[in-house]
Enquirer: 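I have a structure here, written as structure tokens, and I will follow up with some questions on it.
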Amino acid sequence: MTQQTLPTVLDRNIAPQLRPINHIAFVAPAIYNLKNGAKLFWRNGLQNETSKIELHFAAGSATGDPLTASLCAGLLINGTAQKTAKQIQKALDAVGAYYDVSLSQETTVVTLYALKDQLLKAYQIFHESLFGATFPPKELQELVHERSQKFKIQQQKVSFLAQRFFQRSLFAGSVYAQQIQLEDFQNADRTAIQAFHEQHYLKGLKKVFLIGDVSEDTLGSFQDLLNLFESNTKERKPFEWQPEAGATHIEQEGALQSAVRIGRPLFNKTHPDFCAFSVLNTILGDYFGSRLMSNIREDKGYTYGIGSHIVENNNFGYFVIGTEVGVQTRTATFIEIQKEFERLQTELVTDAELELVKSYLMGQLLKSADGPYAMLDLFANVETLGLDLSFYDRYIAEIKAVDAQKLQALAQRYLNWDQMLIISAG
Amino acid sequence: MIHFERFTLDNGLRVLFHKEPATPMAVVNLVYDVGARDENPAQTGFAHLFEHLMFGGSVHIPDFDAPLQAAGGQSNAFTSNDITNYYDVLPAHNLDTALWLESDRMLSLAFTPKSLEVQRQVVIEEFKQRYLNQPYGDAWLQLRPLAYQKHPYRWATIGKNIKHIADATMDDVRAFFQKHYHPGNAVLCIVGNFELADIQQKVQHYFGDIPAQTKIARQLPQEPTQKRFRQKVISRKVPADSFYYAFQMGKRLDNDYYLADLLSDHIGNEKTGLLFTELQRKKRLVSEITAYITGSIDNGLFVITGKINPNRTLMELDDALWPLLEKYKAKKMSKPALQQLILKLQTAKAFQDQGLLSRAMNLSFFELLGDAALINQESARFSSIQTADLQIYAQQLFDKDRCALLQIQAQLP
């Protein structure tokens with residue numbers, strides 16, 4: 001890169017010259033079509049010892065009964081006819097591997113991390129355990145007990161209460177509103193879990209992401225094993241809905257803070273307004289200098305943090321503001337948020353603020369594309385929506401092009417206080 | 001192996017440079033050798049409150065964040081009992097912006113009453129959010145003064161109580177800055193695709209004229225070896241009884257740290273660890289249990305913590321735990337078990353070292369401890385451990401006389 005020459009004398013009142021980001025190179029992984037119809041994406045060229053494999057299953061909490069989905073995910077490798085849960089764990093320990101299972105509404109993602117020379121061995125252990133899973137009654141009983149104990153503790157948290165009530169109200173009447181209740185735990189059904197495992201895991205592979213400098217032979221061995229799944233590559237079914245707006249407060253005696261969630265249905269990356277709305281959302285509440293942070297934290301001191309987000313799922317997206325504020329400043333916080341919506345609807349964003357946010361978003365995108373792991377995540381985020389990496393070129397172009405009038409029109413369309421679902425707990 | 005270059009400015013600022021050719025980003029990490037342990041016992045929570053004020057504008061620059069955001073960057077910080085660490089991540093071609101900002105706030109802050117007033121409120125809300133309005137949130141506020149009676153680790157980073165924050169004055173804040181924020185008390189680390197000569201020139205340009213100041217040697221009261229078991233029982237509105245057994249261990253650079261780290265993994269692991277298999281699964285006393293270490297620079301704590309099952313008691317757990325630890329002390333770990341623990345640690349470390357920010361923070365931290373090169377000795381220190389060392393250490397560590405026990409009794413059904 002070219003070097004900037006520094007002036008000989010430092011004048012601290014003058015900010016260094018900034019240079020824009022002109023280009024970001026987005027690199028796609030290699031794509032392999034598995035015999036079962038699912039795709040394997042492979043990224044190499046890491047030049048270090050790390051590696052991971054990520055399996056996506058059509059096994060999220062909204063694909064069936066949420067308790068069954070959750071318990072099944074928790075018991076995936078907890079016993080086969082030959083091995084106990086402890087023996088499986090010890091086998092993974094012996095190759096230094098870690099794994100985690102994360103459950104969203106649509107998808108369950110299982111990730112295995114290991115050094116590249118150990119990854120195939122780790123996967124073989126996982127694969128054998130998953131295919132031979134017997135869901136031992138004792139393990140199920142223990143998991144149900146542990147989860148219900150944790151659930152009782154969660155119920156003491158205002159953030160948990162607000163988030164749950166928000167989700168339930170936002171998605172009222174649809175499968176996405178289903179939630180586990182404490183009393184459900186006693187009805188855990190092993191047969192249903194076994195059926196779910198068969199249907200949503202062994203026959204539910206959506207796609208696989210592999211990253212690491214493994215050999216072609218190793219890659220072949222992975223494919224042989226992955227071919228043993230049946231795939232579920234069902235088309236996305238866009239979900240549109242209109243919940244009832246309005247405010248609800250859940251009182252929790254003795255609480256010092258109230259957790260707040262304010263939001264509405266929106267869209268994901270597939271929508272033509274997504275890129276421009278991202279700019280609006282950032283200005284409102286998605287970076288440290290945002291209007292919500294500047295007003296409600298940095299000017300009023302009502303909260304430790306406040307933010308707004310676009311939450312995306314394969315089939316939909318929604319907008320949400322989240323914060324925890326002192327109980328006595330909850331109402332004042334609502335008034336300030338409403339004022340910020342109205343400011344965006346009635347006053348044009350200044351050039352200075354708009355330019356700052358555009359540069360900030362470009363810098364953040366550059367960072368999100370830094371390194372093979374980050375780049376594969378960027379790819380996965382669009383691939384899952386049926387898009388490709390050209391989305392990011394479009395995103396850059398649209399961010400650069402968006403103006404204050406367009407942002408005002410978006411605020412008028414999407415940020416109306418009386419269309420918001422407003423939930424507080426505490 | 002993490003390669004780095006090192007140089008020191010005339011004013012005492014220690015600088016590290018780690019070249020990473022593969023990234024378009026730069027990390028600027030600045031650690032100050034001040035943490036909650038350096039606070040006056042009557043004014044706790046100051047180091048952390050001060051960290052908030054560091055974003056309130058400096059002598060020549062009214063707003064810290066805006067210029068960095070305009071450069072495509074982002075910044076944050078954390079305070080621990082030992083250190084205060086600031087970092088900026090931004091596109092490499094705008095490195096100057098981060099150096100300009102960091103050097104100006106090292107030079108002097110623009111102390112305004114408004115900034116102090118607001119950040120006091122923000123920190124009070126943080127206190128509520130993290131410690132007071134969470135189930136079990138105040139456990140460490142209670143455990144610290146039980147486990148430490150002399151050393152300033154006896155209070156938490158957030159402070160002993162809200163009043164200390166609420167009472168902070170402008171004069172207090174200025175004095176804190178004067179004492180701790182100067183080049184000789186900091187380590188700067190830059191990571192990115194740069195040349196050493198350019199980094200030297202830039203750092204000299206932005207930081208070179210900041211006046212040197214003598215670093216005041218730290219004289220903290222060290223925690224004496226505990227002689228007798230301590231116990232405290234409190235009641236809270238939580239659904240399950242909970243326990244924290246805290247054993248005295250050594251300093252970050254002592255052999256203790258490496259031994260304790262391995263031991264905590266060995267007994268604390270879910271599914272395979274001794275605590276889980278014996279107390280959770282076999283005896284069904286707890287719904288969760290684990291072990292970890294604090295890893296502080298001065299003498300730390302080895303903690304065994306968990307939650308009691310309904311219809312079981314804290315006393316039953318206590319009656320089962322001590323004989324179990326005795327049994328553990330009597331038996332040597334197998335060699336393969338030790339090799340597995342080390343392999344897992346090394347795997348975790350390889351993933352951690354992937355991140356630029358993590359590399360920058362760790363290099364800075366080790367330099368602050370005396371030598372950034374220590375970062376490359378960690379792996380060997382773990383690998384050199386023998387099973388006999390672990391057994392001897394376990395025998396010394398799990399001594400009831402050197403244990404502080406906090407028990408939380410549930411008031412909710």
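Being a predicted model, the structure only gives us computed values, none of them experimental. The basis for the numbers below is simple: all heavy atoms, side chains too, and nothing from hydrogens, waters or symmetry mates.
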Enquirer: Should Pro16(A) and Tyr206(B) count as side-chain neighbours, where that means a heavy-atom distance under 4.5 Å?
Expert: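 A side-chain contact exists here, since the closest heavy-atom pair is under 4.5 Å.
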Enquirer: Identify which of Gly301(A), Gly371(A), Ala97(A), Ala352(A) forms the greatest number of heavy-atom pairs closer than 4.5 Å to chain B.
Expert: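 Among the listed options, the one with the most contacts to chain B is Gly301(A).
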Enquirer: Can you tell which part of Val357(A) gets under 4.5 Å to a heavy atom of chain B, answering side chain, backbone, both or neither?
Expert: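 Neither part.
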Enquirer: If you measure from CD1 on Ile61(B) to CG on Asn13(A), what distance do you get to the nearest 0.5 Å?
Expert: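 Reported to 0.5 Å precision, the distance equals 8.5 Å.
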Enquirer: Are any non-hydrogen side-chain atoms of Gln121(B) and Lys300(A) less than 4.5 angstrom apart?
Expert: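 In short, these two side chains do not touch, never coming nearer than 4.5 Å.
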Enquirer: Closer than 3.5 angstrom, by distance alone: can the side chain of Glu125(B) be matched with the main-chain N or O of Gly326(A) as a donor-acceptor pair?
Expert: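 Looks like yes, one N/O pair under 3.5 Å.
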Enquirer: Please assess Tyr136(B) against Ile153(A) for the test side chain to side chain contact (heavy atoms under 4.5 Å, CB included), listing each intermediate value before the final yes or no.
Expert: CA-CA 9 Å; Tyr136(B) 311 99; Ile153(A) 295 166; 4.0 Å; yes
Enquirer: Does any heavy atom of chain A fall under 4.5 Å from the side chain of Ala337(B), the backbone, both, or neither of them?
Expert: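 Answer is neither: Ala337(B) stays 4.5 Å or more from chain A.
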Enquirer: Between Gln354(B) and chain A, with a heavy-atom cut-off of 4.5 Å, which part of the residue counts as in contact: side chain, backbone, both or neither?
Expert: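 The side chain, not the backbone.
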Enquirer: In terms of heavy-atom pairs under 4.5 Å with chain A, which of Ala350(B), Pro336(B), Gly208(B), Ser103(B) leads?
Expert: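 Among Ala350(B), Pro336(B), Gly208(B), Ser103(B), the one with the most close pairs to chain A is Ser103(B).
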Enquirer: Any heavy-atom pair between the side chains of His145(A) and Asn309(B) that's under 4.5 Å?
Expert: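 A side-chain contact under 4.5 Å exists here.
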Enquirer: Run the salt-bridge test on Glu142(A) and Arg284(B) with the 4.0 Å N-O cut-off and return the result as yes or no.
Expert: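 Arg284(B) and Glu142(A): salt-bridged.
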Enquirer: At a 4.5 Å cut-off on heavy atoms, which part of Ala255(A) comes close to chain B: side chain, backbone, both, or neither?
Expert: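 Contact with chain B involves both backbone and side-chain atoms of Ala255(A).
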Enquirer: Fit a plane to each ring of Phe351(B) and Tyr373(A), take the angle between them on a 0 to 90° scale, and name the class: parallel (under 30°), tilted (30 to 60°) or perpendicular (over 60°).
Expert: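 The arrangement is perpendicular - the two ring planes meet at more than 60°.
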Enquirer: Determine whether more than 12 heavy atoms belonging to other residues, nucleotides or ligands lie under 6.0 Å from atom NZ of Lys237(B).
Expert: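 12 or below, so no.
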Enquirer: Given heavy-atom pairs under 4.5 angstrom as the criterion, report whether the side chain, backbone, both or neither of Leu99(B) touches chain A.
Expert: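 Neither part; nothing is under 4.5 Å.
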Enquirer: Where is the tightest heavy-atom contact between Tyr98(A) and Leu345(B), given as atom of each residue plus distance?
Expert: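 Nearest pair, atom of Tyr98(A) first, then Leu345(B): OH-N, 4.3 Å.
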Enquirer: From His93(B) NE2 over to Gln17(A) CD, what is the distance, rounded to the nearest 0.5 angstrom?
Expert: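 It is 12.0 Å, given to the nearest 0.5 Å.
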Enquirer: In Å and rounded to the nearest 0.5 Å, what is the NZ to OG1 distance from Lys349(B) to Thr50(A)?
Expert: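 Taking NZ in Lys349(B) and OG1 in Thr50(A), the distance rounds to 13.0 Å.
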Enquirer: Given heavy-atom pairs under 4.5 angstrom as the criterion, report whether the side chain, backbone, both or neither of Ser115(B) touches chain A.
Expert: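 Neither the backbone nor the side chain of Ser115(B) comes within 4.5 Å of chain A.
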Enquirer: Grab the two heavy atoms, one from Gly289(A) and one from Gln69(B), that are nearest each other, plus how far apart they are.
Expert: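 Minimum heavy-atom separation between Gly289(A) and Gln69(B): N-NE2, 3.3 Å.
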Enquirer: Is a side-chain donor-acceptor pair under 3.5 Å present for Tyr360(A) with Gln74(B)?
Expert: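 Yes, Tyr360(A) and Gln74(B) have a side-chain donor paired with an acceptor closer than 3.5 Å.
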Enquirer: With rounding to the nearest 0.5 angstrom, report the CG to NZ distance, Leu412(B) to Lys152(A).
Expert: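 The CG atom of Leu412(B) sits 10.5 Å away from the NZ atom of Lys152(A).
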Enquirer: For Asn78(A), is it the side chain, the backbone, both, or neither that has a heavy atom closer than 4.5 Å to a heavy atom of chain B?
Expert: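 Just its side chain gets close to chain B.
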Enquirer: For Ala70(B) versus Ser359(A), what's the shortest heavy-atom pair and its separation?
Expert: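 In this case the closest contact between Ala70(B) and Ser359(A) is O-CB, 3.1 Å.
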Enquirer: Spell out, as yes or no, whether a donor-acceptor pair under 3.5 Å connects the side chain of Asp370(A) to the backbone of Met25(B).
Expert: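 Absent.
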Enquirer: Using a cut-off of under 4.5 Å on heavy-atom pairs, state which of Glu49(A), Lys90(A), Gln118(A) scores highest against chain B.
Expert: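 Max contact count across the listed options: Lys90(A).
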Enquirer: Does Gln257(A) offer a backbone N or O that forms a donor-acceptor pair with the side chain of Asn133(B) under 3.5 Å?
Expert: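 Side chain of Asn133(B) to backbone of Gln257(A): a pair is present.
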Enquirer: Could you walk me through whether Arg281(B) and Glu146(A) pass the salt bridge (charged side-chain N to carboxylate O under 4.0 Å, His left out) check?
Expert: CA-CA 11 Å; Arg281(B) 279 300 160 87; Glu146(A) 288 158 26; 3.3 Å; yes
Enquirer: Would you mind checking which part of Asp104(B) comes under 4.5 Å of any heavy atom in chain A, side chain (CB onward), backbone (N, CA, C, O), both or neither?
Expert: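 Contact with chain A: backbone and side chain both.
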Enquirer: Heavy-atom cut-off 4.5 Å, strictly under: side chain, backbone, both or neither for Val59(B) against chain A?
Expert: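 Interface part for Val59(B): neither.
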Enquirer: Does any heavy atom of chain B fall under 4.5 Å from the side chain of Ala374(A), the backbone, both, or neither of them?
Expert: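 Contact with chain B involves no heavy atom of Ala374(A) at all.
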Enquirer: Counting only non-hydrogen atoms closer than 4.5 Å, does Phe288(A) touch chain B with its backbone (N, CA, C, O), its side chain (CB onward), both, or neither?
Expert: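 When you check distances to chain B, atoms from both the backbone and side chain of Phe288(A) fall under 4.5 Å.
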Enquirer: Answer with side chain, backbone, both or neither: which region of Ile14(A) has an atom nearer than 4.5 Å to a non-hydrogen atom of chain B?
Expert: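 It is the backbone, since no side chain atom gets that close.
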Enquirer: Quick check for you: to the nearest 0.5 Å, what is the distance between Gln340(B) atom CD and Asp93(A) atom CG?
Expert: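 Answer for the CD-CG pair, Gln340(B) versus Asp93(A), is 5.5 Å.
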Enquirer: Are the charged groups of Arg12(A) and Asp209(B) less than 4.0 angstrom apart, N to O?
Expert: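 Judged by the 4.0 Å cut-off on N to carboxylate O distance, Arg12(A) and Asp209(B) do form a salt bridge.
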Enquirer: Tell me whether Lys271(B) is salt-bridged to Glu139(A), with the criterion being a basic N under 4.0 Å from an acidic carboxylate O.
Expert: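 No, this pair does not count.
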Enquirer: For Ser159(A), is it the side chain, the backbone, both or neither that has a heavy atom under 4.5 Å from a heavy atom of chain B?
Expert: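 For Ser159(A), neither part sits under 4.5 Å from chain B.
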Enquirer: Identify the two heavy atoms, one from Ile21(A) and one from Pro91(B), that lie closest to each other, and give their separation to 0.1 Å.
Expert: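 Heavy atoms of Ile21(A) and Pro91(B) come nearest at CD1-CG, 3.8 Å.
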Enquirer: With a 4.5 angstrom heavy-atom cut-off, is it the side chain or the backbone of Leu90(B) that approaches chain A, or both, or neither?
Expert: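 Leu90(B) has no heavy atom closer than 4.5 Å to chain A.
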Enquirer: Below 4.5 Å from any heavy atom of chain A, which atoms of Ala22(B) appear? Answer side chain, backbone, both or neither.
Expert: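 Backbone only.
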Enquirer: More than 12 heavy atoms of other residues, nucleotides or ligands under 6.0 Å from CD of Gln47(A): yes or no?
Expert: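 Open.
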Enquirer: Around atom CG of Asp351(A), are there more than 12 heavy atoms of other residues, nucleotides or ligands at under 6.0 Å?
Expert: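 Incorrect, the count does not exceed 12.
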Enquirer: Quick check against the 3.5 Å criterion: does Lys150(A) have a side-chain atom that pairs as donor or acceptor with the backbone of Glu288(B)?
Expert: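 No, Lys150(A) side chain to Glu288(B) backbone: no donor-acceptor pair under 3.5 Å.
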Enquirer: Check the pair Gln119(B), Arg297(A) against side chain to side chain contact (heavy atoms under 4.5 Å, CB included), reporting the backbone distance first and the verdict last.
Expert: CA-CA 8 Å; Gln119(B) 292 311 318; Arg297(A) 173 176 146 139; 3.9 Å; yes
Enquirer: With the side chain counted from C-beta on, respond yes when Asp299(A) and Val118(B) share a heavy-atom pair under 4.5 Å apart, and no when they do not.
Expert: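 A side-chain contact is absent here, since even the closest heavy-atom pair is not under 4.5 Å.
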Enquirer: Could you give the distance from OH (Tyr304(A)) to NE2 (His52(B)), rounded to the nearest 0.5 Å?
Expert: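 One gets 5.0 Å once the value is rounded to the nearest 0.5 Å.
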Enquirer: Quick one: of Arg120(B), Gln280(B), Glu117(B), Lys307(B), who has the most non-hydrogen atom pairs under 4.5 Å with chain A?
Expert: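 Maximum pair count with chain A is reached by Gln280(B).
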Enquirer: Report yes if the side chains of Tyr302(A) and Val122(B) come closer than 4.5 Å at any heavy-atom pair, otherwise no.
Expert: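 With C-beta onward as the side chain, the pair stays apart.
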Enquirer: Could you walk me through whether Gln156(A) and Gln134(B) pass the side-chain hydrogen bond (donor to acceptor under 3.5 Å, both in side chains) check?
Expert: CA-CA 7 Å; Gln156(A) 299 303 307; Gln134(B) 293 291 340; over 6 Å; no
Enquirer: Taking all non-hydrogen atoms of both residues into account, name the closest pair between Gly72(B) and Gln364(A) and its distance.
Expert: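 Taking Gly72(B) first and Gln364(A) second, the nearest heavy atoms are O-NE2, 3.5 Å.
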Enquirer: Taking Thr347(B) for the side chain and Gly96(A) for the main chain, is one N or O donor matched with an acceptor at less than 3.5 Å?
Expert: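 Side chain of Thr347(B) to backbone of Gly96(A), a donor-acceptor pair under 3.5 Å: yes, one is there.
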Enquirer: Testing Leu256(A), Val327(A), Thr303(A) for side-chain contact (heavy atoms from CB on, under 4.5 Å) with Lys128(B), which one passes?
Expert: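 In the set Leu256(A), Val327(A), Thr303(A), the residue that makes a side-chain contact (heavy atoms from CB on, under 4.5 Å) with Lys128(B) is Leu256(A).
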Enquirer: Taking only Lys NZ, Arg NE, NH1 and NH2, and the carboxylate oxygens of Asp or Glu, determine whether Lys86(A) and Glu270(B) approach each other closer than 4.0 Å.
Expert: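 Salt bridge: no.
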